[in-house]
Amino acid sequence: MTELAKAYEPKAVEAKWLEIWNNGGYFHAEVDETRKPYCLTIPPPNVTGELHLGHGLQHSIHDTLIRWKRMSGFNTLCVPGTDHASISTTIKVRDSLRARGIDPAAIGREKFLEHAWAWKEEYGGKIINQLKALGCSYDWRRERFTMDAGYSRAVTTSFVRLYQEGYIYRGKRVVNWCVTDRTTLSDLEVEHADETSSLWHLRYPLSDGSGSVVVATTRPETMLGDTAVAVNSRDPRWNGLIGKTVRLPLMDRDIPVIADDILVDPEFGTGVVKVTPAHDPNDFQSGMRNNLPQVVVIGLDGHMTEEAGPYAGLDRFEARERIVKDLEALGLLADVQDYTHSVGHCARCQTIIEPLPLDQWWCREKDLALRTLNVIREGEVQYFPDRFAGMTEQWIENLRDWNISRQLWWGHRIPAWFCQDCGEVTVQMEAPDGCPKCGGAVKQDADTLDTWFSSALWPMAVLGWPDDTPDLKYFYPTNLMITARDILYLWIARMVSMSEHYRDQIPYNDVYVHATIQATDGRRMSKSLGTGVDPLEMIEKYGTDATRLGLLFMAAKGQDVRFNESRMQESRNFANKLWNATRFVLMNVDDGFTHPAFDGGFDPLRIEGLNSGDAWIISRLAATTEAVAASLDAYNFDDAGRALYEFVWNEFCDWYVEMAKPRLQGEEKATAQAVLVGVLEHTLRLLHPFMPFLTEELYEAIRNAAPACAAKTPVIVAPYPQYNPAWRNVDAETQMTEAFGVVDALRSVRAALNVPPGHPITAHIVPRDTTGDRLKDAAWIIRRLARAEVTFNAERPEKAWPAGAPAADVFVPVEGLLDVSAASAKANKDLAAVEKDLARTRGKLGNEAFVGKAPEAVIEKEREIERELAGKQASLNERLALLNSLA
RNA sequence: GGGCGGAUAGCUCAGUUGGGAGAGCAUCUCUCUUACAAAGAGAAGGUCACAGGUUCGAACCCUGUUUCGCCCACCA
């Protein structure tokens, strides 16, 4: 016999198996045409990041799936990697430079990039190491980075091709500018938040002195750049003013009153709108329509420009205050109203966005996404849960051109060269020798690409695109993308567009959107809010397996969940339970144990002398195997984990192991041993994808103790159990359910009557079915587990406590072991509850409408309930009568 | 302003086609019964947010309300 330690101690076990797995090369996959591939690519974490609980959950899901697929015989590949995260990393590097007294803007591009790469080397590996520690069985030999040479070539290729095809163009319009990060942002990188502010009403006098108009604005400082005032031509109040001019206060400039029915809603405010083409996207459009000049009064630094006259140099918000004050002094502030409106902020640094007119590169994203719309509608790419498909469709339908250029150094530099002489733009893979048009000197665009432009290529590029590599042919399309909800549009939809465009293929069949884990108080989990929980802390406390399973338990599909540490405890306790169950089994088999049923593949049905308890646990094992596969197929990881948890704890440990104990001492020893070992071995393989370290360690213990009863390999590459319907045994399941019901009833009697464990009780069992064979056959179980003497004498004993079980009437003689007062209170309470249920059921059965219209099966079920309740009622009345007679 | 999701036991959450309301943790009572006290046995605990409707029957379907969260949105 082999003896394990008394409790599961994860630390040493985890270190040990990480090394064995790694040295064994189990994570690596190569093209193999003889096998079916299963491939996924992870969402590459930012090199600025650290593991948080969201990652913990996401990668628990990834690894559970790929371990399952690997054991199931697929040639399984999971490609890991990291993302350069242009803006985030830039901010981090700038901050770290400033902290060291270095001005990041002053050191120049090359120096800055050196620092950024150093940063990447230092921190980029951190999260990868954390993923490794989590046990993720990804192909680390294929680890990629979005700025490695091959990936960069893919990005450049993509840009050049889209430009040549007309999907990318350069243009000037009002874009989102972050004055802190000093770059433009796409619309998706702007977060809107309601802010309470004011709606200032400004009075602009007509130039001819014939009166004035009042305009409303949330941004008074932009009035310095007004180049018109607009009204709706159908608004009778104001259409007489069209063509006149007003005198722009503070600037003393005459600007025209124009008609713009698109811009002006007569119902809103005063019906007169100030038009600032340089600082508002709508006004910019109006300016284009009406040939208005742009006056830029706010600069890239967020301060007022020379065009702002006396306000030049002021911060934009300081200018706002001064201008309001000055207008008020001039009597031109007509009104100030409290006003709540939505204000755009930089998603990275929360600075208020400044709309500015700038030359940028644009991508006609909607045109590219049309095919995405189709493959999602057709279900070619399937979302789990599917409501996210509909949301994505809506997003695509409302797409506008995507600004893909960033004024940052860290990223993929745009492959565009401007002629210094004639202005010609050349877009190609390599720098041209000179301007192809005039031969003049060229200079490369200083800007880089939006990170999401590069990550949109991820699953293709990590498998070799733009080359049509064997990897791509074999592993692509990938099977699945697992993602958090927040990047469904930024990333998931765009990958589909790019893949459809370049390869006429979807990038993945399924998109699984996992739960978002919130803090215990329901707030977003974030380090800055102080609501973050470090998964490493959980791993330290409960072990990696428990952390993984605990996270899976919490994460119902697509549903947000609050973090709940008790799930970790639950899983930790479960790990220990399984550990001890294995310990028990191994303590009860001799080293070198073997059994003919293991020859040439385990078949429990070949074990001689199986009793109904054996048949039952084998049947339940099969049912669990089926349930786990079905749940995993549907990405219901919580259900799959729960099915295994319940099988191991509530069926195997609570009942089967207890039933096996007496048999291990007698003639049935070999049978019980074979079933124990076989079921355990099977269970460890089933559970491995969920709890990889624990199951490896326990499996190894079995392999050492009973080599003939286990696979020769670590579990990671052992075959995953397949459902075998022949193992099911409905009769045995029925029989055990009945026997367990009697045991439960007897245990309740013990508790209700305060019978001490050592004190014997006798159970007179009167089965409800005619023969009672099933219960008679299971008498030994009742005897053992209820610690009761059992008789099937139909004669009703005197002074017996009726303990009704679903399959039998059970009577326990109570001489000398009755606590009358407690029992009587309890019986009265139970009786009231039963009678309430009974009244409800009888009401139903007495209702003609119910009996007439409900399906026969439902009615029969109801009658059964009635019989059962009536039996309980009779039992309880008997109990009370008995108690009265004894009182 | 649109769209989506949630509201079930003290807490965190399950509840597959409408048919006697579940789990884990926490609580209470017993037990160190030779795998496990990170355990075993027993128990208590819920007008399934609210109001209508459909149905023989609603946690589940429909309508409305309240409330929390998320996403999208260029209305001054």
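This structure is a prediction, so every number in the text was calculated from the model and none was measured. Letters go in sequence order (proteins before strands), and every chain restarts at 1.
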Need one value for A:L488: base, sugar-phosphate or nothing, where a base atom within 4.0 Å counts as base even if backbone is also close, heavy atoms only.
nothing

Please work out if A:R747 contacts a base, only the sugar-phosphate, or nothing of the nucleic acid, heavy-atom cut-off 4.0 Å.
sugar-phosphate

Decide whether A:D260 and A:N290 meet the rule of one side-chain donor and one side-chain acceptor closer than 3.5 Å.
yes

With both distances under 3.5 angstrom, what nucleotide forms a Watson-Crick or G-U wobble pair with B:G5?
B:C68

Protein-nucleic acid N or O pairs under 3.5 Å, nucleotides 27-30 of chain B:
none

For A:V561, report the nucleic acid contact type (base, sugar-phosphate, nothing); a contact means any heavy atom under 4.0 Å.
sugar-phosphate

Nearest-nucleotide 5' precedence on RNA chain B, A:G269 against A:N847
A:N847

Between B:G1 and B:A44, how far apart are the two P atoms, rounded to whole Å?
50 Å

May I ask you to say what A:K274 touches in the nucleic acid, namely base, sugar-phosphate or nothing, with a heavy-atom cut-off under 4.0 Å?
nothing

Does atom CD (A:E848) have a neighbourhood of more than 12 heavy atoms from anything else shown, all under 6.0 Å?
no

Between A:K844 and A:E866 (salt bridge meaning N to carboxylate O under 4.0 Å), is one present in this structure?
no

Salt-bridge test for A:R219 and A:E354: reply yes if a basic N is under 4.0 Å from a carboxylate O, no otherwise.
yes

Heavy atoms only, 4.0 Å cut-off, all strands: where does A:Y542 land among base, sugar-phosphate and nothing?
nothing

Is a salt bridge present between A:R867 and A:E860, judged by a nitrogen-to-oxygen distance below 4.0 Å?
yes

Base, sugar-phosphate, or nothing for A:W200, non-hydrogen atoms under 4.0 angstrom?
nothing

Sugar-phosphate, base or nothing in reach of A:D654, heavy atoms under 4.0 Å
sugar-phosphate

Roughly how many Å is it from CD in A:Q394 to C1' in B:G3, rounded to a whole number?
5 Å

Atom pairs, protein N/O to nucleotides 18-24 of chain B N/O, distance under 3.5 Å:
{"from": "B:G20", "atom 1": "O2'", "to": "A:R840", "atom 2": "NH2", "distance (Å)": "3.3"}
{"from": "B:G24", "atom 1": "O2'", "to": "A:E570", "atom 2": "OE1", "distance (Å)": "3.1"}

Assign A:R173 to base, sugar-phosphate, or nothing according to its heavy-atom contacts below 4.0 angstrom with the strands shown.
nothing

